[in-house]
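Indexing begins at 1, ligand by ligand and atom by atom, following the structure's order.
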Amino acid sequence: MTTRVILDCDPGHDDALAILLAARRLDLRAITTVAGNQTLARTTLNARRMCTVAGITDVPVAAGAYRPLAQDPLHAEEIHGVSGLDGPDFPPPTVDVDPRTAFQLASDVLREPTTIIATGPLTNVAAMLESPHNIERIVIMGGSTGHGNMAPLAEFNILADPEAADLVFRSGLPITMCGLDVTHQALATPQILRRITEIGTPLAQICHDLLTYFTDTYRVHFGFEAPPVHDPVAVAAVIDPTLISARPLNVEIELTGTHTRGATVVDLDRVTGRKPNALVATGLDVDRFWDLMIGVIR
Ligand code: RIB
Ligand code: CA
């Protein structure tokens with residue numbers, strides 16, 4: 001019995017892999033898009049592109065928020081390119097955008113208990129909290145117990161909409177946070193890219209081209225030898241919870257810090273006495289993660 005999920009994302013190279021993994025291994029009932037790595041128009045087109053090349057034709061794709069709750073949009077063009085999915089040559093998408101908004105589509109799906117996986121800024125997820133009764137769990141790629149990536153102490157998805165993240169972490173719903181602590185372990189090394197190329201299909205080639213582009217930008221901007229594929233880790237954590245190790249911890253979102261806005265303040269040593277409100281992932285079974293990811297590309 002696979003888990004019924006909504007995937008909210010901002011494709012985005014790693015979101016594109018998350019879409020593939022969720023569609024192949026979960027009961028994916030909706031893909032909702034949000035402004036993040038690129039504008040909403042571009043992230044929505046990119047979701048349609050990835051669904052088209054992966055043959056995901058039975059999952060509705062609906063567009064959500066075009067801007068965060070309380071600040072100007074933050075994009076990551078330097079990492080994902082002008083299109084938000086630079087690298088491969090995508091054919092024109094044959095998967096349409098659903099006429100419903102992300103909120104309407106999510107409300108329809110949430111007539112039954114569903115898990116929400118979020119791999120972009122949490123603006124749409126904050127709106128979905130208006131009908132929380134059937135949200136079983138929220139699993140996010142976001143945050144970090146320490147260093148950030150878009151700011152010294154803030155990770156992109158949280159920094160892009162801290163107010164939305166604060167609403168989610170205060171919701172009282174079961175949350176699993178897959179932050180940089182685990183996603184920086186999921187590195188697309190040259191060995192991984194070789195395993196993907198050897199599959200030899202058009203989809204494998206597209207995934208290879210996505211990861212080659214991602215490798216270049218991550219090397220230039222972050223000095224990484226190999227890029228971390230953040231978002232599929234959150235999906236993998238739903239497919240097989242034994243792939244991650246996680247601790248129940250208190251997580252607060254910094255909203256007002258001059259240099260720390262967007263930080264996920266994780267009480268690792270439980271010094272605050274605040275109640276744990278999230279399962280914070282700290283460990284990843286890297287080999288089994290890549291076996292799963294490469295398995296669905298094959
Ligand atoms: O910080 C990494 C996260 O920001 C990933 O979800 C990536 O796709 C970007 O959205
Ligand atoms: Ca993302």
Engineer: Could you go through T242 and R288, starting from their C-alpha distance and side-chain angles, then the distance that decides it, and tell me whether this counts as side chain to side chain donor-acceptor pair (under 3.5 Å)?
Structural biologist: CA-CA 10 Å; T242 68; R288 284 175 57 220; 2.9 Å; yes
Engineer: Distance to 0.1 Å, residue and atom name: give those for the protein heavy atom nearest to atom 10 (O) of ligand 1.
Structural biologist: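 Going by distance alone, atom 10 (O) of ligand 1 is nearest to N157 OD1, 2.9 Å.
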Engineer: Decide yes or no on side chain to side chain contact (heavy atoms under 4.5 Å, CB included) for L180 and H230, but give the supporting numbers first.
Structural biologist: CA-CA 7 Å; L180 299 179; H230 306 279; 3.6 Å; yes
Engineer: For D231, what is the atom name of its N, O or S atom nearest to the Ca ion (ligand 2)?
Structural biologist: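 Checking each N, O and S atom of D231, the shortest distance to the Ca ion (ligand 2) belongs to OD2.
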Engineer: Other residues, nucleotides and ligands only: do more than 12 of their heavy atoms fall within 6.0 Å of NE2 on H259?
Structural biologist: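 At most 12 heavy atoms, drawn from other residues, nucleotides or ligands, come within 6.0 Å of this atom.
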Engineer: At under 4.0 Å between heavy atoms, which part of D10 makes contact with ligand 1: side chain, backbone, both or neither?
Structural biologist: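 The part of D10 near ligand 1 is the side chain, not the backbone.
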Engineer: How far is atom 9 (C) of ligand 1 from its nearest protein heavy atom, and which residue and atom name does that atom have?
Structural biologist: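 Nearest protein contact, heavy atoms only, for atom 9 (C) of ligand 1 is N37 OD1, 3.1 Å.
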Engineer: Show, in sequence, the C-alpha distance, side-chain angles and deciding distance for Q185 and T183, and conclude whether the side chain to side chain donor-acceptor pair (under 3.5 Å) test is met.
Structural biologist: CA-CA 5 Å; Q185 298 176 50; T183 67; over 6 Å; no
Engineer: Using a 3.5 Å cut-off on N or O atoms only, is H230 in polar contact with ligand 1?
Structural biologist: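 H230 vs ligand 1: no N/O contact under 3.5 Å.
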Engineer: Salt bridge or not for R274 and D267, using N-O below 4.0 Å?
Structural biologist: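 Judged by the 4.0 Å cut-off on N to carboxylate O distance, R274 and D267 do not form a salt bridge.
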Engineer: Looking at the Ca ion (ligand 2), which N/O/S atom of D10 is the nearest one?
Structural biologist: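 Answer by atom name: OD1.
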Engineer: Do T33 and L40 have side chains that approach each other closer than 4.5 Å (heavy atoms only, starting at C-beta)?
Structural biologist: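 Heavy-atom side-chain distance check passes, below 4.5 Å.
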Engineer: Check whether any side-chain heavy atom of R49 sits under 4.5 Å from a side-chain heavy atom of S83, and report yes or no.
Structural biologist: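 R49 vs S83: side chains touch.
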Engineer: Near the Ca ion (ligand 2), is there an N/O/S atom from T119 that is less than 3.0 Å away?
Structural biologist: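 Short answer: yes, at least one N, O or S atom is under the cut-off.
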Engineer: Report the part of T183 (side chain from C-beta onward, or backbone N, CA, C, O) that has a heavy atom under 4.0 Å from ligand 1; answer both or neither where that applies.
Structural biologist: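 Neither; no heavy atom under 4.0 Å.
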Engineer: As an exercise, identify every atom of ligand 1 less than 4.0 angstrom from a heavy atom of M141.
Structural biologist: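 Atoms satisfying the 4.0 Å criterion: 2 (C), 3 (C), 5 (C), 6 (O).
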Engineer: Evaluate the criterion side chain to side chain donor-acceptor pair (under 3.5 Å) for residue pair R4 and T114; output intermediate values, then yes/no.
Structural biologist: CA-CA 5 Å; R4 176 188 169 98; T114 308; 2.9 Å; yes
Engineer: Of the protein's non-hydrogen atoms, which lies at the shortest distance from atom 7 (C) of ligand 1, and what is that distance?
Structural biologist: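 Going atom by atom, the protein heavy atom closest to atom 7 (C) of ligand 1 ends up being D14 OD2, 3.3 Å.
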Engineer: Given H75, H13, E155, identify the one with the heavy atom nearest to atom 3 (C) of ligand 1.
Structural biologist: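 Result: the heavy atom closest to atom 3 (C) of ligand 1 is in E155.
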Engineer: May I ask you to identify the nearest protein heavy atom to atom 6 (O) of ligand 1, giving residue, atom name and distance to one decimal place in Å?
Structural biologist: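 For this ligand atom, the closest protein heavy atom is D231 OD1, 2.5 Å.
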